[in-house]
Amino acid sequence: MPQIAAPRGTRDILPDEFAARRWLLDAHSAVAESFGYRGIETPIIESSELFSRGVGTDTDIVEKQMFTFDDRGGRSLTLRPEGTAGSLRAVVGAHLDQEIRPVRVHYAGPFFRAERPQAGRQHQFTQVGIECIGESSPALDAEIIEVAWQFYKALGITGIQLQVNSLGSASDRVRYRAALVAYYTPLEASLCDDCRRRLHTNPLRLLDCKRDARFVEGAPLLWDSLDRPSRDHFTAVLRDLEAAGIEAIRNDRLVRGLDYYSDTVFEFWHDVLQGAQGSLGGGGRYDGLAELLGFPATPATGYALGVERTLMVARALGTIPQAPAAADVLVCSVEPAEADAAAGIARLIRAAGTRTVLDVAERRLDRKLRGAGRIGTRVAVIVGENEVAGDSAVVRDLDGHSQQTVPIAELAATVTRILGGAS
RNA sequence: GUGGCCAUAGCUCAGCUGGUUAGAGUGCCAGGUUGUGGCCCUGGAGGUCGCGGGUUCGAAUCCCGCUGGCCACCCCA
């Protein structure tokens, strides 16, 4: 019978990697909370409509990357492809923004997109993110970027490249889109296949075509279509970033793949990862999203960062801390006759708050001690015939190569002292 | 979704133009040391050669399909 494997595009997180992820996730929570963000968790399945209306029907995500299915009542549900729409639905739906403004929240969890899998691109992937909901101040755009910046710093990741741009208001974008289409339409015959498609589906995407770069040079600039408030907003964001000591690279061709963005958009890149994998995360302002979802107009801004890709960078840079040993102490019996006594001693040591592994297998003592070295415990406690007779145990300091016979009453304290002193 | 590369012990890989018992290193288990680790020596277990079909006297090796991984593109985390 064929063995069952994890589905295509999904992976198991085994203990070594689990520790590294927890390190990253804890760092993100800690940094976000240091800015006053509070944790939230929203459903992994949502109404398909949340994304078709929120993210946009013409986006790649909604067109071809969603895992969608009908529930038993015939309602269309979707495995969430991104976190912003759900977070906004949750916060505004619960009227949290009626109590405190802005509402600052952070989250972490799995997301799903049905693209062809590749390193750093899986059907199921993980993002950490924050959303700042209820106010339109440019200071908040700068604030969320600073949170991300501090997060990378906490991970020891240097060399992050921050790109920023402004998409302007919804009406600015309509105006700009028209200007772009007017510019490209006469050129249509000379465009690459992808660009001809983009011209009709998502004209803003024309800007990041690599093949038709020569046309991009002469294309109208987004900035020229922005009205005064949007220009002022973006100028203020740039000023705040500079004041925070964050280097931002203006990229007037940066357009994000989701329809709900307006004004500030940004992305984080790192060049130790090749190609598109270097895109670590991004975000921006989405003042129009709440209305698209049927809620009262509510300005908001936020970001989402890819956990797997960030870990790839941290691994490449060697900033992931060594995973702690699984336990501090190995308790082993010498002969099967001492198994019960050894188990009791292990309980005693655990009760004192020390992580303890018990080995009462029928094998030679030297193999058990070798196992202690493999696990990485710093202390071995040996329980043999003599020790049981004397209500004691041998406590061996594996780093210090010394050992002593200790009465059971003093065992836990002795172990704690060795562990405390050795580090 | 489009195109390309790849798939052999738990892991990293070797296996020449098809040839009979598929190997190495490492890890695992055991013995050397009838109660003391990290080194060393010896032995052992462990493989439907990703899956299915085809060509052939004979397939890990050649062909086709499938599955999975990787790479580029699209796009994005």
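Note that this is a predicted model, so its numbers are computed, not measured. Chain letters run A, B, ... following the sequence lines, proteins first, then strands; residues in each count from 1.
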Indicate whether OP1 or OP2 belonging to B:A77 is found under 4.0 Å from a side-chain N or O atom of A:R256.
-> yes
Sorted by position of nearest nucleotide on RNA chain B, 5' first, the leading residue of A:E335 and A:F268 is A:E335
Mapping A:S402 and A:R8 to their closest nucleotides on RNA chain B, which lands nearer the 5' end?
-> A:S402
Residues in side-chain hydrogen bond (donor to acceptor under 3.5 Å, both in side chains) contact with A:E131, at least two apart in sequence or another chain | A:T84, A:Y286
Answer with yes or no whether the side chains of A:E82 and A:Y260 bring together a donor and an acceptor at under 3.5 Å.
-> yes
Return no unless some side-chain N or O of A:R396 is found under 4.0 Å from OP1 or OP2 of B:G37.
-> no
Over 60° means perpendicular and under 30° means parallel, so classify the ring planes of A:F125 and A:F111, tilted if in between.
-> tilted
Watson-Crick or G-U wobble partner of B:A24, both distances under 3.5 Å | B:U12
Indicate, with a heavy-atom threshold strictly under 4.0 Å, whether A:G120 touches base, sugar-phosphate, or nothing.
-> base
Verify the contact: side-chain N or O of A:R364 to OP1 or OP2 of B:G32, cut-off strictly under 4.0 Å; return yes or no.
-> yes
Please state whether the phosphate of B:A77, meaning OP1 or OP2, lies under 4.0 angstrom from any side-chain nitrogen or oxygen of A:Q122.
-> no
Every protein N/O lying under 3.5 Å from an N/O of nucleotides 2-7 of chain B:
residue	atom	partner	partner atom	Å
B:U2	O4	A:R116	NE	3.3
B:U2	O4	A:R116	NH1	3.3
B:G3	O6	A:R116	NH1	3.0

Report which part of the nucleic acid A:Q127 touches: base, sugar-phosphate, or nothing (heavy-atom distance under 4.0 Å, all strands).
-> sugar-phosphate
Looking across every strand, which nucleic acid part, if any, lies under 4.0 Å from A:E385 by heavy atom: base, sugar-phosphate, or nothing?
-> base
